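Structure, as structure tokens:
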Amino acid sequence: MKIGIVGCGNLGMAILEGIRKAHPDATLIASRRNWNGKQANHPNTFYTESNDELILKSEILIITLKPYNVIEFIQSHSSILDPSRHTLVSAASSITLREMQEASGKQIDVSRIMPNTASSVNESMTALTVGADNLNRRGELIRLLGSFGEIVEIDEALMESATILGACGIAYVLRFMRAMIQGGVEVGFDVVTATRIVSQTVKGASELILQNGTHPEEEIDRVTTPKGCTIVGLNEMEHSGFSSALIKGIVTSYEKISK
């Protein structure tokens, strides 16, 4: 399968790197204006500033353009989009499957994904909605997306919610980690050591939930003892609005993307 990545910015490069690590033999073609020449060399990865060239050489087109550019891209290249060859996979929020197909003017296969930048280290959480699939590529898409992380198939109506929780969520978690690191420095660690401790702690907390299948509160109960330092810290955070602020941030982001 020849995979084209259109508009290869931060997310596009993360996807490219994730696929390349998992499938070194896959042919990848990436387009972007004004390549800076710093892209990594790989015998099966090609870079171009021409979207026409990318389309003609690809079969699955992963579109990682800004949402306001997606429809224009599809419309302006409709003459070379081939329903018997191409599958369009959009990573843009708010652009529906129906809008993509109407923009093409053809009965072309369309799907939507929402990965996150952890694709580059093969740890993405990618939401997938498969629309028209006349070329029967659903299985190939799942294998492809699974190569750079976990996948959850969802109804298209939940795609904006998935964007907030999974894609924006990377930033939320990193901001939490930054605050923990700053706290670690305040109680005596240098920033490198604090970063190492916090990073592994967050990773370990995630694995507890994933491997044990438990609710976070169950794991919290395991480390909170009567009159202990953990419960005192948690209560202070809650008194300061920790959970409320996080929930409000998620809802505010959703309200922004849903307008």
Side-chain angles (χ1 to χ4, degrees), residues 8-18 21 36 38 40 64 66-67 91-93 114-127 148-152 160-259:
C8 208
N10 292 333
L11 178 59
M13 284 301 296
I15 292 172
L16 184 148
E17 290 167 7
K21 286 176 182 177
N36 58 21
K38 295 181 181 179
T64 60
K66 299 295 185 184
S93 61
M114 184 48 61
N116 60 40
T117 52
S119 302
S120 63
V121 291
N122 302 102
E123 290 292 347
S124 177
M125 180 68 253
T126 302
F148 52 82
E150 296 294 323
I151 305 167
V152 57
E160 276 62 51
S161 299
T163 301
I164 300 305
L165 206 57
C168 300
I170 285 281
Y172 306 150
V173 172
L174 291 172
R175 179 58 61 86
F176 161 73
M177 290 176 67
R178 187 181 78 171
M180 279 194 69
I181 291 165
Q182 289 173 322
V185 172
E186 188 164 340
V187 298
F189 289 105
D190 63 86
V191 69
V192 173
T193 304
T195 300
R196 183 179 179 187
I197 293 172
V198 169
S199 299
Q200 181 58 41
T201 300
V202 171
K203 181 179 180 181
S206 297
E207 287 300 322
L208 282 173
I209 303 304
L210 290 171
Q211 293 189 29
N212 294 343
T214 50
H215 189 279
E217 207 62 38
E218 292 181 58
E219 300 298 341
I220 290 172
D221 287 343
R222 296 180 196 275
V223 294
T224 50
T225 55
K227 295 187 178 182
C229 57
T230 304
I231 191 63
V232 170
L234 286 172
N235 286 343
E236 181 62 28
M237 292 176 196
E238 291 304 327
H239 290 323
S240 298
F242 175 75
S243 294
S244 177
L246 183 56
I247 294 166
K248 285 181 179 178
I250 291 170
V251 173
T252 299
S253 292
Y254 178 76
E255 290 171 348
K256 173 69 174 179
I257 201 174
S258 298
K259 290 182 178 178

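Note that the structure is a prediction, hence the values are computed from the model and not measured. We count residues from 1, following the sequence as given.
- Side chains of Q200 and R196 form no contact here, defined as non-hydrogen atoms less than 4.5 Å apart.
- Pairing each heavy atom of S93 with each of P67, the nearest pair is O-CB, 3.5 Å.
- Heavy-atom contacts from other residues, nucleotides or ligands closer than 6.0 Å to CG of D190 number more than 12.
- Rounding to the nearest 0.5 Å places CD of E218 at 10.5 Å from CD1 of I220.
- The CG atom of N116 sits 5.5 Å away from atom OG of S119, with the distance rounded to the nearest 0.5 Å.
- Taking CD1 from I164 and CD1 from I257, the interatomic distance works out to 4.5 Å, rounded to the nearest 0.5 Å.
- The minimum heavy-atom distance linking S120 with K21 is given by the pair O-NZ, 2.6 Å.
- Between I15 atom CD1 and T126 atom OG1 the span is 7.5 Å, to the nearest 0.5 Å.
- To the nearest 0.5 angstrom, S206 atom OG is 11.5 Å from E219 atom CD.
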Which donor-acceptor pairs under 3.5 Å do side chains of residues 169-182 form with protein atoms, sequence neighbours excluded?
from : atom 1 : to   : atom 2 : distance (Å)
Y172 : OH     : S253 : OG     : 2.7

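- Atom CD of E186 is surrounded by 12 or fewer heavy atoms from other residues, nucleotides or ligands within 6.0 Å.
- Contact detail for V223 and T230: the closest heavy-atom pair is O-OG1, 3.2 Å.
- Between the side chains of E160 and S258, no donor-acceptor pair is found at a separation under 3.5 Å.
- Taking OG1 of T225 as the reference point, atom CZ of R222 lies at 15.0 Å (rounded to 0.5 Å).
- Closest non-hydrogen pair, E238 versus S243, comes out as OE2-OG, 2.7 Å.
- Across all non-hydrogen atoms, the minimal contact from M125 to E150 is CE-O, 3.6 Å.
- For the residue pair A167 and M114, the shortest heavy atom distance occurs at CB-SD, 3.8 Å.
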